[in-house]
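One structure is given here, and the rest of the page talks about it.
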Number of protein chains: 2
Amino acid sequence: MEVVDYGLGDLDRVGTEIVVYENNDRYCAKELVLFGGQTCPEHRHPPFDDYPGKRETFRVRWGEVYLYVEDESADDSVESSADSDSPRSVDPPMREEHYTASEEIHLEPGEQYTIPPDTRHWFVAGEDGAVISEFSSPSFDEKDVFTDPKIDRMAGSY
Amino acid sequence: MEVVDYGLGDLDRVGTEIVVYENNDRYCAKELVLFGGQTCPEHRHPPFDDYPGKRETFRVRWGEVYLYVEDESADDSVESSADSDSPRSVDPPMREEHYTASEEIHLEPGEQYTIPPDTRHWFVAGEDGAVISEFSSPSFDEKDVFTDPKIDRMAGSY
């Protein structure tokens, strides 16, 4: 299991526990585990070279998840402010200015949501934690772009 | 849930119960359920047009599965006979001549196996049945080629 604190050193609040079942050149499958209230910080999966960027489906297996996704109708030129004024059920854990996606999707076991490539998103577990099956195109974690420039995805993995 | 008897009309022995979570143009994820001793009959996922054929990973979640895969070292020109003389733990359920793949992979919960495109394979659950997570490239069920010419994949789905 990969334990990621994104280089922030506050795993209980910001982190993700990951079991990769398969990641080949055609598809990827993982299990993501979040502690109660733990947040996976905002990031996107951009295109690069011939790769159109990672598309991913989150299916909640256990617990509940609040997923925040970039509102495509919002003005993308304003990267540092929230997409809209809609209230969020859960606040970002820290460094709030780097959490801009505000379209809320609440997921319970058996519910799922598919995130297009290059779309800013972050998610947080309910108080009991969560287990999420992720089905996707191939993963290239080192290509992920985090909104918070302080985050180092690869350094924060152990 | 899709219930498939492959047009053979003997669901208890030959069939598959399928829940498709996601099947888009980049990846696919399903849950496959087998009754105790139920067999998914031998087939392969051939290439067509620009598609290189379906690659798929079976991860057993519950129960046990005997998976039989074409032995790549065998003579492919002899399609109607078994690939090798290695004994199989489980016999085909009927019409044995249409079960040619004989490399046995025994899978228990937490174990998985990836099948390359265009590779003949069939599988059968242990006596208590099984639940299998399938992660794969996109599924095009209508393109599947079954070894048994009597099988009609699409007619046998209800």
Side-chain angles (χ1 to χ4, degrees), chain A residues 1-2 17-33 44-62 65 67 69 105 107-119 121 130-141 143-144, chain B residues 1-2 17-33 44-62 65 67 69 105 107-119 121 130-141 143-144:
Chain A
M1 175 177 283
E2 185 184 15
E17 294 67 49
I18 306 169
V19 179
V20 179
Y21 292 149
E22 179 72 13
N23 186 23
N24 60 46
D25 62 352
R26 300 183 66 186
Y27 55 88
C28 178
K30 306 177 179 180
E31 224 77 73
L32 308 177
V33 179
R44 58 188 170 88
H45 306 290
F48 59 91
D49 301 335
D50 292 334
Y51 188 67
K54 183 189 182 200
R55 186 192 302 173
E56 61 191 12
T57 300
F58 290 161
R59 185 177 178 89
V60 172
R61 300 287 195 164
W62 192 90
V65 171
L67 169 65
V69 177
I105 297 118
L107 296 171
E108 296 194 330
E111 295 179 329
Q112 67 184 46
Y113 189 86
T114 296
I115 301 168
D118 210 22
T119 301
H121 61 284
V131 178
I132 305 165
S133 290
E134 180 188 295
F135 317 122
S136 72
S137 57
S139 280
F140 299 88
D141 295 338
K143 300 288 191 182
D144 292 352
Chain B
M1 174 177 281
E2 185 185 15
E17 294 68 48
I18 306 170
V19 179
V20 179
Y21 291 149
E22 180 71 14
N23 186 24
N24 59 48
D25 62 352
R26 301 184 64 186
Y27 55 88
C28 178
K30 306 176 181 181
E31 224 77 73
L32 308 177
V33 179
R44 58 189 170 86
H45 306 290
F48 59 91
D49 301 333
D50 292 334
Y51 189 68
K54 183 188 181 201
R55 186 192 302 172
E56 61 191 12
T57 300
F58 290 161
R59 184 176 179 88
V60 172
R61 301 286 194 163
W62 191 91
V65 171
L67 169 65
V69 177
I105 297 118
L107 296 172
E108 296 194 331
E111 296 180 328
Q112 67 185 48
Y113 188 86
T114 296
I115 301 168
D118 210 24
T119 301
H121 60 284
V131 178
I132 305 164
S133 289
E134 181 188 295
F135 316 122
S136 72
S137 58
S139 280
F140 298 88
D141 296 337
K143 299 289 189 180
D144 292 351

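Just so it is clear: chains get the letters A, B, ... in the order the sequence lines come, proteins before strands, and each one is counted from 1.
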**Least distance between heavy atoms, A:R55 atom then B:Y27 atom** =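 Smallest interatomic distance, heavy atoms only, reads O-CE2, 3.3 Å.
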
**Asked** If you count heavy-atom pairs under 4.5 Å with chain A, which of B:S133, B:C28, B:P52 comes out on top?
**Response**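 Winner by heavy-atom pair count: B:P52.
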
**Prompt:** Under a 4.5 Å heavy-atom cut-off, does chain B meet the side chain of A:E31, its backbone, both or neither?
**Reply:**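 For A:E31, side-chain heavy atoms alone lie under 4.5 Å from chain B.
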
**Prompt:** With distance as the sole test, does A:Q112 use its side chain to make a donor-acceptor pair with the main-chain N or O of B:Y21 at under 3.5 Å?
**Reply:**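 Yes; at least one donor-acceptor contact below 3.5 Å.
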
**Request:** Find out whether the Lys NZ or Arg CZ of A:R26 is both under 6.0 angstrom from the six-membered ring centre of B:Y51 and within 45° of the ring's axis.
**Result:**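 Judged by the rule (NZ or CZ under 6.0 Å from the ring centre, within 45° of its axis), A:R26 counts as positioned above B:Y51.
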
**Item:** Rounded distance [0.5 Å steps], NZ in A:K30 versus CZ in B:F135
**Value:**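 Result: 12.5 Å between the selected atoms.
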
